[in-house]
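The structure appears below as structure tokens.
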Amino acid sequence: MTTDGALARLIRSSADRAATAEAEACDLCAAPVPDEHPHLYDTGQEEVRCVCGPCSVLFAESGAGDGHYRPVPRRRVRLPRVDTAVLGVPVGLVFFVPRADGTVTAQGPSPAGAMRWEVDAAAWRRLGEMCPPLTTVEPEVEALLVNTVHGLDHHWIVPIDDCYRMVAVVRREWRGLSGGSEVWPAVERFFADLTERT
């Protein structure tokens, strides 16, 4: 289990956003971007980049830019309960990211950022047989996001940037060793605010 350094920049920027009034800029052309803006997944650096609308259009076609940047989709799909116990990850707040090479990682938030585990790819395929929508998760840019903490039952297919926003919420609100009194209500609000979209 290791801290995923590739996510650090996005998590820091999301966690610190409330504390700073500085406007965000496109990571490609430096143009200002609004709060709600598109993202690209940088396959070389394994991180998400904020982009303006015009720059996002440049990479809308599959294979544009030799596949170095991939648009992060916007769809969110709420799923019925998914038995993630078969994946062997003993935490209740986690997201599962299939990779282009067939591997799957599980990532869970912590005060230091996202923690990462390798998941058995065969177990992921078996889970997809039990829950066919999981076979549509786009590698690297979408994830299965799960929250079963405190008896909750949230299972979503979401864009990867939603997962990083959730990690930022935990990092921002965590206090002390146990998380304090604010972190879990903040996580519950995060999930309550998720809406399905295509």
Side-chain angles (χ1 to χ4, degrees), residues 4 6-7 10 14 36-51 53 56-109 114-149 152-169 187 190-198:
D4 188 358
L7 305 180
L10 180 64
S14 294
E36 291 290 324
H37 55 267
H39 292 105
L40 294 175
Y41 180 74
D42 182 333
T43 60
Q45 297 296 315
E46 294 187 359
E47 62 185 14
V48 172
R49 305 251 181 223
C50 299
V51 291
S56 73
V57 171
L58 295 174
F59 299 95
E61 294 297 319
S62 178
D66 291 329
H68 184 79
Y69 293 111
R70 295 183 51 214
V72 175
R74 292 186 35 81
R75 81 169 174 147
R76 288 187 191 130
V77 179
R78 185 168 187 141
L79 300 173
R81 180 166 177 70
V82 179
D83 184 10
T84 56
V86 300
L87 300 177
V89 177
V91 293
L93 183 59
V94 64
F95 57 98
F96 299 91
V97 183
R99 303 291 173 182
D101 64 3
T103 62
V104 180
T105 58
Q107 299 178 53
M115 304 300 286
R116 178 184 242 177
W117 303 265
E118 293 299 318
V119 172
D120 179 49
W124 175 260
R125 287 191 297 275
R126 285 194 302 275
L127 191 61
E129 292 168 5
M130 294 185 284
C131 181
L134 292 180
T135 63
T136 69
V137 174
E138 195 172 334
E140 295 163 340
V141 293
E142 289 186 316
L144 168 62
L145 176 61
V146 176
N147 181 14
T148 58
V149 175
L152 296 176
D153 193 18
H154 294 285
H155 299 81
W156 289 82
I157 294 173
V158 296
I160 195 69
D161 51 0
D162 277 349
C163 299
Y164 297 164
R165 284 190 313 106
M166 183 270 299
V167 170
V169 166
V187 168
F190 172 87
F191 278 89
D193 289 343
L194 289 180
T195 55
E196 287 196 281
R197 62 190 187 200
T198 56

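Only heavy atoms go into these numbers, but all of them, side chains included; no hydrogens, no water, no symmetry mates.
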Side chain proximity check, [X] to [Y], heavy atoms < 4.5 angstrom:
X: Leu87; Y: Asp120; answer: no
X: Val119; Y: Val89; answer: yes
X: Leu134; Y: Leu144; answer: yes
X: Val97; Y: Val104; answer: no
X: Phe191; Y: Leu93; answer: yes
X: Val158; Y: Phe95; answer: no
X: Ile160; Y: His39; answer: no

As an exercise, state the distance from [atom1] of [X] to [atom2] of [Y], rounded to the nearest 0.5 Å.
X: Leu40; Y: His68; atom1: CG; atom2: NE2; answer: 9.5 Å
X: Asn147; Y: His154; atom1: CG; atom2: NE2; answer: 5.5 Å
X: Glu47; Y: Tyr164; atom1: CD; atom2: OH; answer: 9.0 Å
X: Ile157; Y: Leu145; atom1: CD1; atom2: CG; answer: 11.0 Å
X: Phe96; Y: Trp124; atom1: CZ; atom2: CH2; answer: 7.5 Å

* Structure fact -> For Thr105, the side chain to side chain donor-acceptor pair (under 3.5 Å) test, sequence neighbours excluded, returns Arg99, Gln107

* With sequence neighbours left out, what residues match Asp162 under side chain to side chain donor-acceptor pair (under 3.5 Å)? -> Arg76, Arg165

* Is the number of heavy atoms from other residues, nucleotides or ligands under 6.0 Å of Arg197 CZ greater than 12? -> yes

Taking all heavy atoms of [X] and all of [Y], pick out the closest pair and write down the distance.
X: His155; Y: Asp153; result: CE1-OD1, 2.7 Å
X: Ala143; Y: Val137; result: N-CG1, 3.9 Å
X: His37; Y: Val51; result: CB-O, 3.8 Å
X: Val72; Y: Pro159; result: CG1-CB, 3.6 Å
X: Gly102; Y: Ala121; result: O-CB, 3.4 Å

* Between Val48 and Asp42, does a side chain to side chain contact (heavy atoms under 4.5 Å, CB included) hold up when you go through it step by step? -> CA-CA 6 Å; Val48 172; Asp42 182 333; over 6 Å; no

* Asked: Does any pair with a residue in residues 134-143 pass side-chain hydrogen bond (donor to acceptor under 3.5 Å, both in side chains), and if so which ones, sequence neighbours excluded?
  -> Arg70-Glu138, Arg70-Glu140, Arg75-Thr136, Arg75-Glu142

